[in-house]
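Comments concern the structure below.
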Amino acid sequence: MTCPRPCCEGSGPMASERYNPRDTEPRWQAWWAENRCFEAREEAGKPKYYVLEMFPYPSGRIHMGHVRNYTMGDVIARFRRAAGYNVLHPMGWDAFGMPAENAAIERGIHPASWTYDNIATMRGQLKSMGLSLDWSREVATCDPSYYQHEQAMFIDFMNAGLVERKVSQVNWDPVDHTVLANEQVIDGRGWRSGAVVEKRELAQWFLKITAFSDDLLSALDGLDKWPEKVRLMQKNWIGRSEGMRFTFAVEDAHGKTLDDGLTVFTTRHETIFGASFCAISADHPLSKHLAQHDEDLQAFRKEVAALGTSEENIEKAEKKGYPLGLYARHPFRKDVKLPIYAANFVLMGYGEGAVFGCPAHDQRDLDFARKYHLPVIPVVAPKGTDPKTFTIGDEAYVEKDGEDTVLINSGFLDGLSVPEAKEKVAHRFEVEGIGTRKVNHRLRDWGVSRQRYWGCPIPVVHCDTCGVVPVKKEDLPVKLPEDVKFDKPGNPLDHHPTWKHTSCPACGKPARRETDTFDTFIDSSWYFARFCSPQAGMPVVAEAARYWMPVDQYIGGVEHAILHLLYSRFFVRAMHKTGHIHLDEPFASLFTQGMVIHETFRTEAGDWVLPADAVHKEGQWFHATTGEPLLVGGVEKMSKSKKNVVDPETIIAAYGADTARWFMLSDTPPERDIEWTESGVEGAWRFTQRLWRLVNDVAELGKGAASGAGDGLELRRAAHRAIAAITDDLMNLRFNRAIARIFELANALGTAMAVKDKSVALTEAIREAADFLVLAFAPMMPHLAEEAWQLLGHRTAVVNSAWPKADPALVARDDVTIAVQVNGKRRDELTVAKGLTQAELEPLVLALDGVKRALDGKSVAKIIVVPDRIVNIVCKG
RNA sequence: GCGGGCGUGGCGGAACGGUAGACGCAACGGACUUAAAAUCCGUUUUCCGCAAGGAAGUGAGGGUUCGAGUCCCUCCGCCCGCACCA
């Protein structure tokens with residue numbers, strides 16, 4: 001036998017060396033590229049598989065989150081490819097956005113050169129990961145050859161009535177000097193800057209996402225390969241509620257009826273007899289109107305505006321109202337007048353910005369009623385309750401699901417159930433012509449105007465004569481000017497001396513270009529479709545999209561559960577409506593991976609310290625250069641601010657991409673947060689070396705003697721079972737389990753290799769198992785796999801090799817180990833031929849020592865047999 | 001407040017309602033080495049026992065079942081999303 005140890009003489013030249021990824025990885029990357037292994041072509045008749053990871057923002061360098069995301073995508077792509085699919089696996093750059101402009105402002109670098117430099121760096125880093133990407137399809141959203149199609153589609157959307165320009169109250173980010181969409185405001189702060197968002201009135205472009213509210217909602221049911229969590233978040237975000245919109249007659253303090261009534265929205269119209277006041281938003285037109293002649297009301301409106309909408313404020317805020325001196329007449333109790341208040345808890349942005357208050361059954365209304373001494377009339381009570389004794393204390397009565405309740409104190413509704421009363425009152429409103437059934441959504445239209453330079457110009461022109469006119473399609477793209485200055489706050493496009501001056505596409509007179517640019521979420525709302533035909537002179541070539549779309553597997557962070565994923569679902573619907581694509585749902589299957597987390601270190605002074613600067617000595621952490629002791633903090637998401645980052649480039653340089661990839665997939669399920677640890681990476685590194693030694697040993701194996709030991713059957717079974725399990729795991733994205741199976745296969749192969757004097761059969765089984773092993777880990781460690789594959793004597797490349805097929809005969813078991821329980825506790829086990837019947841098993845089981853001991857003379861009441869799995873003997877006494 | 005998820009060894013985590021802890025990390029013991037690293041062999045849920053074997057055990061308590069980490073109810077803790085949405 002040849003000794004595999006590096007120290008031994010006489011072994012082959014390869015075998016005496018450690019596996020060196022620094023040599024092999026660039027070599028195989030170059031080979032794959034030269035042979036265009038990953039360039040996708042449409043092939044009729046071959047099943048296609050479109051794998052896509054959310055494309056990166058070119059911030060400068062890749063981070064571990066990218067490594068995890070792209071490794072998962074690559075494993076899927078390589079596995080599907082081997083399994084016979086025609087795989088599309090493209091990559092691009094979400095290249096517009098604020099950081100490029102910040103670099104321009106802070107360092108005087110042009111956003112374009114900053115962006116393209118970053119792309120070059122990051123492209124190189126991604127290539128060093130050995131990803132099976134089709135680089136011929138690369139796109140950058142900041143390239144006019146990309147955004148011109150976005151502009152063309154926007155014009156089509158305008159013509160299709162999916163675009164609106166309106167003055168509205170918008171979220172203004174005072175740090176980024178731009179407008180934010182509702183989805184981009186988190187806890188009252190800008191999603192990027194973290195600044196408290198202000199309200200401003202501005203003329204803005206909107207995409208009418210609300211035109212698809214119900215469709216976006218109901219189609220979620222069909223997205224059965226999306227995480228339930230994401231579907232639920234979108235459902236809540238769209239926030240559909242069914243109710244009624246109806247109008248109260250309004251009179252003033254002198255009993256004079258006003259021309260206009262007060263229209264409210266409610267989902268609890270059955271509680272109308274419990275109404276004791278009405279409340280309107282401080283921003284309601286009626287409130288604004290009255291404030292013109294009422295200084296106290298003006299003050300109240302200011303107070304409400306100052307409060308904002310952040311979480312803390314809402315929790316603390318007391319329900320407050322300002323009586324307007326107006327009264328709403330109850331529609332069914334003509335003697336009752338409901339005072340109307342402007343109130344701080346009514347939002348202008350939802351429903352009608354006006355409600356009726358039913359204090360008995362709504363906590364906010366109750367708080368309000370108690371403060372202003374308004375009546376509290378219970379109108380819904382548990383069935384059987386005496387209406388005379390049912391009272392409300394400090395808590396509103398809200399019936400729970402499934403509770404049996406009836407209407408009380410409600411005139412013609414008395415005795416009805418809530419659904420019956422809803423129906424009856426709705427009918428009555430409709431008959432009397434004062435109200436209609438109405439579905440409301442929480443979802444607002446998507447404000448897409450941004451007052452920034454580094455984005456896609458909105459292709460319209462403002463003409464004093466013609467108004468807003470879209471740019472002619474033949475004049476697209478509207479390109480960004482290159483000579484811009486960032487010397488003052490605000491939008492450089494607006495400050496540019498000439499760019500905005502143009503002529504009207506309709507009348508030819510001098511006119512102004514729109515200087516707002518698109519929200520960058522538009523750029524990422526269709527890039528997946530562009531990848532089907534990335535160089536086409538139209539947004540999407542129909543045949544290409546028909547072949548490749550939808551994306552079969554989309555992978556990214558859960559932070560995009562609403563923003564990007566909802567916008568994309570809308571945008572594709574708009575593209576469908578305007579004839580650019582044939583489908584509505586872009587992503588058939590979605591996977592949201594967890595974050596990469598790491599321990600945090602800080603000095604006693606409180607400064608964060610990079611993990612690379614922390615050294616562990618005798619159970620204590622110290623700073624590598626200053627030597628001062630370090631405090632170990634929590635394990636948190638890798639972030640620059642806490643410095644708990646590990647640079648992928650350093651890791652790849654030290655261990656190679658395969659090791660980094662292997663670590664990312666091991667142990668932790670892909671949807672959970674993974675903790676990056678030095679010992680884990682070391683472990684992955686050692687395993688690459690172990691595989692390399694194992695393959696070397698197999699490669700050097702001579703022909704076994706016919707008389708040698710071992711029939712190889714056990715190993716063959718292990719290998720085929722491993723392949724069957726790994727195939728199943730990879731199909732279902734259970735990478736950590738697949739990796740455990742690969743460890744087991746390597747262990748089984750190692751055990752077989754330790755047999756002295758191997759028979760021919762065992763030797764052949766070893767060769768087969770080694771091939772299987774290499775093919776099985778190839779999606780995770782593609783470079784090592786290619787190198788090992790050559791060493792095993794194959795002339796093909798792994799990328800061009802088929803996924804191994806498990807032989808069902810070897811996967812199936814002919815004998816089984818059955819656990820034997822007595823009263824549910826395991827007492828013994830029994831290995832028998834598969835498929836024994838209860839009658840055959842019973843005597844065998846009762847004869848077992850462990851069973852006899854446990855029974856100890858007790859009488860057997862019953863024997864439960866689950867074929868080939870378990871026997872449970874139930875006894876008494 | 002509403003909605004959702006999760007709780008298993010020292011750690012990451014396995015486990016169609018059917019032998020809890022696969023696989024990995026770490027630790028410990030041993031072999032090899034002048035030594036270290038690497039490598040190889042072994043041990044590692046807890047408790048009792050020399051062992052054979054036994055007892056307990058999946059956040060807590062109850063239930064369904066021949067059998068529960070898994071299903072149901074109540075509670076505790078942690079995480080995430082939304083949040084004055086009428």
Side-chain angles (χ1 to χ4, degrees), chain A residues 4-7 18 186-188 227-237 239-241 243 264-269 271 279 281 307 309-311 313-315 317 319 343-347 349-358 361-365 367-368 398 440-443 558-559 561-562 663 666-669 671-675 677-684 686-687 689-690 693 734 736-744 746-747 750 754 817-829 849-850 853-854 861-866 868-875:
Chain A
R5 305 269 151 66
C7 55
R18 297 177 96 190
I186 299 170
D187 281 349
E228 189 56 40
K229 179 184 170 166
V230 173
R231 291 196 282 168
L232 211 84
M233 281 164 71
Q234 293 211 350
K235 185 180 171 214
N236 292 338
W237 189 265
R240 178 191 158 96
S241 55
V264 299
F265 175 72
T266 181
T267 57
R268 298 295 308 270
H269 32 289
T271 65
S281 166
L307 197 65
T309 53
S310 78
E311 189 180 337
N313 290 344
I314 287 162
E315 287 212 342
K319 303 285 169 281
N344 63 350
F345 65 91
V346 182
L347 306 174
Y350 187 77
E352 300 296 324
V355 298
F356 75 80
C358 177
H361 306 293
D362 183 290
Q363 192 58 45
R364 288 161 309 176
D365 294 349
D367 294 346
F368 192 84
V398 183
N440 247 321
H441 295 96
R442 215 188 73 110
L443 185 67
V558 73
E559 68 273 18
I562 294 170
F663 173 82
S666 308
D667 299 344
T668 304
E671 68 278 9
R672 290 198 210 168
D673 291 351
I674 187 170
E675 186 184 352
T677 61
E678 191 65 22
S679 60
V681 181
E682 290 283 352
R686 283 198 301 271
F687 187 62
Q689 297 299 336
R690 187 173 148 221
R693 284 194 304 275
R734 290 188 293 235
N736 57 318
R737 293 211 324 190
I739 278 183
R741 301 286 92 84
I742 290 170
F743 276 119
E744 283 174 346
N747 291 344
T817 300
I818 292 176
V820 182
Q821 299 180 331
V822 176
N823 283 343
K825 283 185 194 269
R826 182 188 161 281
R827 293 299 174 186
D828 213 326
E829 63 180 32
D849 286 344
R853 219 173 11 245
K862 187 153 90 163
I863 299 181
I864 313 268
V865 174
V866 180
D868 298 334
R869 280 202 160 268
I870 204 160
V871 176
N872 189 13
I873 302 163
V874 185
C875 68

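To find a chain, count down the sequence lines: A is the first, B the second, and so on, and within it residues start at 1.
Of the C1' atoms belonging to B/rC2 and B/rU70, the separation is 28 Å, rounded to the nearest Å. The same atom, P, is picked in B/rG13 and in B/rU19; the two are 23 Å apart, to the nearest Å. With P as the reference atom, B/rC71 and B/rC16 are 11 Å apart, rounded to whole Å. If you take atom P in B/rG53 and the same atom in B/rG69, they sit 23 Å apart, rounded to whole Å.
Considering only residues two or more places apart in sequence or on other chains, A/Glu228 meets the salt bridge (Lys or Arg N to Asp or Glu O under 4.0 Å) condition with A/Arg231. Not counting sequence neighbours, the partners of A/Asp367 by the side chain to side chain donor-acceptor pair (under 3.5 Å) test are A/Gln363. Shown here are the side chain to side chain contact (heavy atoms under 4.5 Å, CB included) partners of A/Val355, two or more places apart in sequence or in another chain: A/Ala279, A/Val346. Contacts of A/Arg686 classified as side chain to side chain contact (heavy atoms under 4.5 Å, CB included), with partners at least two apart in sequence or in another chain: A/Glu682. Scanning for side chain to side chain donor-acceptor pair (under 3.5 Å) contacts around A/Glu559 gives an empty result, with sequence neighbours left out. Residues satisfying the side chain to side chain contact (heavy atoms under 4.5 Å, CB included) test with A/Arg869, not counting sequence neighbours, are A/Val866. With sequence neighbours excluded, no residue satisfies salt bridge (Lys or Arg N to Asp or Glu O under 4.0 Å) with A/Glu675. The side chain to side chain donor-acceptor pair (under 3.5 Å) search around A/His361 returns none, not counting sequence neighbours. Residues that satisfy the side chain to side chain contact (heavy atoms under 4.5 Å, CB included) test with A/Asn236, not counting sequence neighbours, are A/Leu232.
Side-chain proximity of A/Arg869 to the nucleotides B/rA83, B/rA38, B/rG18 is greatest for B/rG18. Distance from the side chain of A/Ile870 is smallest to B/rU19 among B/rA86, B/rU19, B/rA38. Picking from B/rA86, B/rC84, B/rG54 the nucleotide with the shortest atom distance to the side chain of A/Arg853 gives B/rG54. The side chain of A/Arg686 sits closest to B/rU39 out of B/rU39, B/rC23, B/rA83. In the set B/rG53, B/rA56, B/rU19, B/rA56 carries the atom at the smallest distance from any side-chain atom of A/Lys825. Checking B/rC23, B/rC85, B/rU19 against the side-chain heavy atoms of A/Arg364 singles out B/rC85 as nearest.
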Pairwise N/O distances under 3.5 Å, protein to nucleotides 9-14 of chain B:
{"from": "B/rG12", "atom 1": "O2'", "to": "A/Thr668", "atom 2": "OG1", "distance (Å)": "2.7"}
{"from": "B/rG12", "atom 1": "N2", "to": "A/Asp667", "atom 2": "OD1", "distance (Å)": "3.0"}

Using atom names, set out every protein N or O paired with an N or O of nucleotides 30-32 of chain B below 3.5 Å, distance rounded to 0.1 Å.
none

Which atom pairs link the protein and nucleotides 66-69 of chain B when you take only N or O atoms and keep those under 3.5 Å?
{"from": "B/rC66", "atom 1": "O2'", "to": "A/Asn872", "atom 2": "ND2", "distance (Å)": "3.0"}
{"from": "B/rC66", "atom 1": "O2", "to": "A/Asn872", "atom 2": "ND2", "distance (Å)": "2.7"}

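With a glycosidic angle no more than 90° from 0, B/rG9 adopts the syn conformation.
Within the nucleic acid shown, A/Thr817 comes within 4.0 Å of at least one base atom, counting heavy atoms only. Within the 4.0 angstrom heavy-atom criterion, only backbone atoms of the sugar-phosphate kind lie near A/Phe743; the bases stay farther away. At the heavy-atom level, A/Arg827 lies under 4.0 Å from the strands shown only through sugar-phosphate atoms. At a threshold of 4.0 angstrom between heavy atoms, the contacts of A/Val346 include nucleobase atoms, whether or not backbone atoms are also involved. A/Asn747 comes within contact range of the sugar-phosphate backbone alone, with a heavy-atom separation under 4.0 Å but no base atom that close.
Of all non-hydrogen atoms in A/Phe663 and A/Gly680, the two that sit nearest each other are CD1-C, 3.4 Å.
A/Thr271 contributes atom OG1, which lies 9.0 Å from atom NE2 of A/His269 (distance to the nearest 0.5 angstrom). The structure places CZ of A/Arg442 at 13.5 Å from NZ of A/Lys235, a figure rounded to the nearest 0.5 Å. The CD1 atom of A/Ile870 sits 9.5 Å away from the CZ atom of A/Arg826 when rounded to the nearest 0.5 Å.
Below the 3.5 angstrom threshold, one finds a donor paired with an acceptor across the side chain of A/Lys319 and the base of B/rC84.
B/rC6 is paired with B/rG77 under the criterion used here, namely a Watson-Crick or G-U wobble arrangement in which both key atom distances are under 3.5 Å. A 3.5 Å limit on both hydrogen-bonding distances identifies B/rC82 as the Watson-Crick or G-U partner of B/rG1. B/rG18: Watson-Crick or G-U partner is B/rC66, with both key distances under 3.5 Å. The pairing partner recorded for B/rG57 is none, the criterion being a Watson-Crick or G-U wobble arrangement whose two distances lie under 3.5 angstrom.
Phosphate proximity of B/rA38 to A/Arg693: absent, as no side-chain N or O sits under 4.0 Å from OP1 or OP2.
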